[in-house]
Engineer: 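Dropping a structure here in structure tokens format, bear with me for questions.
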Amino acid sequence: MTLFNKSAKELQSLIHKKELSAAELTAESFRRIGAVDGDVKAFLALDEERASARAKELDNTPMEDRGPLHGLPIGVKDNIVTEGLETTCASRMLGGFDPIYNATAATKLDQAGLVTVGKLNMDEFAMGGSTENSFYKKTANPWNLDYVPGGSSGGSAAAVAAGEVPFSLGSDTGGSIRQPAAYCGVVGMKPTYGRVSRYGLVAFASSLDQIGPVTRTVEDNAFLLSAVSGHDPYDSTSFGVDVPDFASALTGDVKGLKIGIASEYLGEGVGDASKNAVREAARVLESLGAEVSEVSLPNTKYALPAYYLLSSSEASSNLARFDGIRYGFRADDVRTLEDLYKKTRSEGFGDEVKTRIMLGTFALSSGFYDAYYKKAQKVRTLVQGDFMNAFEDYDVIIGPTTPTPAFKLGTQVDDPLTMYANDILTIPVNLAGVPAISVPCGFTEGLPLGLQIIGRHFDESTVYRVAHAFEQATDHHKVMPEIREVQA
Ligand SMILES: NC(=O)C[C@H](N)C(=O)O
């Protein structure tokens, strides 16, 4: 039986009916990884022995004690710490770092009965939009191996699109789950800030970072988000609200819902293919009974510069801990302590990370603080205000996830401004802290496009409801890329 094209839900029902065991499914996941990951290059670390032992153990759990995700294999982005499983953030700086604890999200995967098969490639410390900033390898887009999978959670999206795992966890600071999900034709959710604990997520920009699920269907996404959400005493920014059973919101009904199509998201810098796919998606939602009209988010154009100032400022502080003493990489041939810091950080970080640390240090320095950091904070408030105003009249807001489909490997990596501009439609959501999902909404020249659906704070349920209704009314999610399998 072919398993790699099945959703997590379908696989779970096979396990539940005892037609498939967790051990068999885990073995199949490793077989598929062995057959395609030489080309896709989504994984940085794999631990088959540990995963197989865990799957066997899970097969012994009595039926009545099993949750909806029991026995399924999953991949985890390499900035989420996993006890005993190397966690590098795709950086030379953390090469060989073997965490002594689990991130809360990783613990919750264990509690839900999932089997972590390995760690997924990303842009170094989550800085980038193509996964080309990884120190270790460049992940390819399963739809066309000459193209980028997006980033920074490029490994998380590519592994799911390639059928190596039914789902994965990523993290999103300015679009890092939604943009690669759009480029790879899968479903990616950035939850409300505070929905999922950040404890054990290696910090990039703490006021923006969120962990979220990458899946092939909206229903799988809802299941996985319910599993990893919730208040955590180890993360004071995680919110103490009840975690709904998100899957129960998938009624298929959007009648009467008010959907705003963001006019700025169909404006300057956005390609025709993205605009047309979203207009067509709006028609589909209308035909299902939703009321769609245009809404303005006037401060959209200021979000990108504000994000790069704020996220870099936070990064400059967060990444100060990598000093050659406490973690990972340490430079050789140093004479003084200052030398050790300088050489370790010069050799251990890649260019993009260094650029952001310098930009952030500059923006926070006295004399420039008011002109840059403080001003960017004020812009953040304006961007939040745009969403709050819009949500007085609309239940969700839609637009393209990205201005264009994926681009060719090597074409933007030396051009940071072009690379940053790929995030113009995802960044405002992080600044506002609201939830947003990307669902497949079409193809252009053989490459997938994503529809972004944005909701009110802590109203992931409505976002899922709209996403699911759209998915069920269209066929985009049913196609998988064809990837050559190589015999191991
Ligand atoms: N980390 C993210 O969410 C992606 C964004 N492209 C960045 O480089 O900051």
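Counting convention: from 1, in listed order, for ligands and their atoms alike. Worth saying up front: this structure is predicted, and the values here are computed from it rather than measured. We're numbering straight along the sequence, starting at 1.
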Engineer: Show me which atoms of ligand 1 lie under 4.0 Å from any heavy atom of G174.
Structural biologist: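 Checking each atom against G174, I get 2 (C), 3 (O).
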
Engineer: Looking at non-hydrogen atoms alone, which of G150, S130, S176, S153 comes nearest to atom 2 (C) of ligand 1?
Structural biologist: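 Going through G150, S130, S176, S153 one by one, S176 has the nearest heavy atom to atom 2 (C) of ligand 1.
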
Engineer: Taking 4.0 angstrom as the limit and counting only heavy atoms of G128, give me the atoms of ligand 1 inside it, by number and element.
Structural biologist: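 Those atoms are 4 (C), 5 (C), 6 (N), 7 (C), 8 (O).
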
Engineer: For the pair E460 and R195, find out whether any cationic side-chain nitrogen is under 4.0 Å from an anionic carboxylate oxygen.
Structural biologist: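 Salt bridge flag = yes for R195 with E460.
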
Engineer: Hey, which atoms in ligand 1 end up nearer than 4.0 Å to a heavy atom of Y308?
Structural biologist: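 That gives atoms 5 (C), 6 (N), 7 (C), 8 (O), 9 (O) of ligand 1.
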
Engineer: Give the residue, atom name and distance (to 0.1 Å) of the protein heavy atom nearest atom 9 (O) of ligand 1.
Structural biologist: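 Protein heavy atom with the smallest distance to atom 9 (O) of ligand 1: Y307 OH, 2.5 Å.
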
Engineer: Would you call E164 and R32 a salt bridge, taking side-chain N to carboxylate O under 4.0 Å as the test?
Structural biologist: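 Looking at R32 together with E164, the answer is no, because their closest N to O distance does not fall below 4.0 Å.
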
Engineer: Of all the non-hydrogen atoms in the protein, which one sits nearest to atom 1 (N) of ligand 1, and at what distance?
Structural biologist: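 Nearest neighbour among protein heavy atoms for atom 1 (N) of ligand 1, to 0.1 Å: A126 O, 2.7 Å.
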
Engineer: Within the 3.5 Å criterion, strictly below it, is a donor on T139 or N121 matched to an acceptor on the partner's side chain?
Structural biologist: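 The answer is yes; a qualifying pair exists.
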
Engineer: Any luck finding a side-chain donor-acceptor pair between N422 and T402 under 3.5 Å?
Structural biologist: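 No - no donor-acceptor pair under 3.5 Å links their side chains.
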
Engineer: May I ask you to check whether G129 has an N/O atom sitting below 3.5 Å from an N/O atom of ligand 1?
Structural biologist: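 In this structure, G129 places no N or O atom under 3.5 Å from an N or O of ligand 1.
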
Engineer: Just checking F97 against Y327, ring centres under 6.0 Å apart?
Structural biologist: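 Distance test on ring centres: under 6.0 Å, yes.
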
Engineer: Can you sort out which atoms of ligand 1 are near M127, meaning under 4.0 Å from one of its heavy atoms?
Structural biologist: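 With M127 as reference, the close atoms of ligand 1 come out as 8 (O).
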
Engineer: Based purely on interatomic distance, does D172 place a nitrogen or oxygen under 3.5 Å from a nitrogen or oxygen of ligand 1?
Structural biologist: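 Among all N and O atoms of D172, none is under 3.5 Å from an N or O of ligand 1.
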
Engineer: Would G151 count as a polar contact of ligand 1, with the cut-off being nitrogen or oxygen pairs under 3.5 Å?
Structural biologist: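 There is no such contact.
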
Engineer: If you measure only the distance, is there a donor-acceptor pair under 3.5 Å linking the side chains of N430 and R178?
Structural biologist: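 Side chains of N430 and R178: pair found under 3.5 Å.
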
Engineer: When you check the gap from the basic side-chain N to the acidic O, do K190 and D172 get nearer than 4.0 Å?
Structural biologist: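 So K190 does not pair with D172 through a salt bridge.
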
Engineer: Could you tell me whether ligand 1 has any atom less than 4.0 Å away from a heavy atom of Y420?
Structural biologist: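 Checking ligand 1 against Y420, which is what was asked, there is no heavy-atom contact under 4.0 Å.
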
Engineer: Under 4.0 Å between a Lys/Arg side-chain N and an Asp/Glu carboxylate O for R198 and D209?
Structural biologist: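 Not counted as a salt bridge, because no side-chain N and carboxylate O are separated by less than 4.0 Å.
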
Engineer: When you measure from the heavy atoms of R356 to every atom of ligand 1, does any distance fall below 4.0 Å?
Structural biologist: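 In this structure, R356 qualifies as a contact of ligand 1 - some heavy atom is under 4.0 Å.
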
Engineer: Quick test of your reading of the model: are R456 and D395 salt-bridged, counting only N-O distances below 4.0 Å?
Structural biologist: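 Here R456 pairs with D395 in a salt bridge, since their nearest N and O are under 4.0 Å apart.
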
Engineer: Using a strict cut-off of 4.0 Å, indicate which atoms of ligand 1 neighbour a heavy atom of D423.
Structural biologist: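 Going through ligand 1 atom by atom, the ones under 4.0 Å from D423 are 5 (C), 6 (N).
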
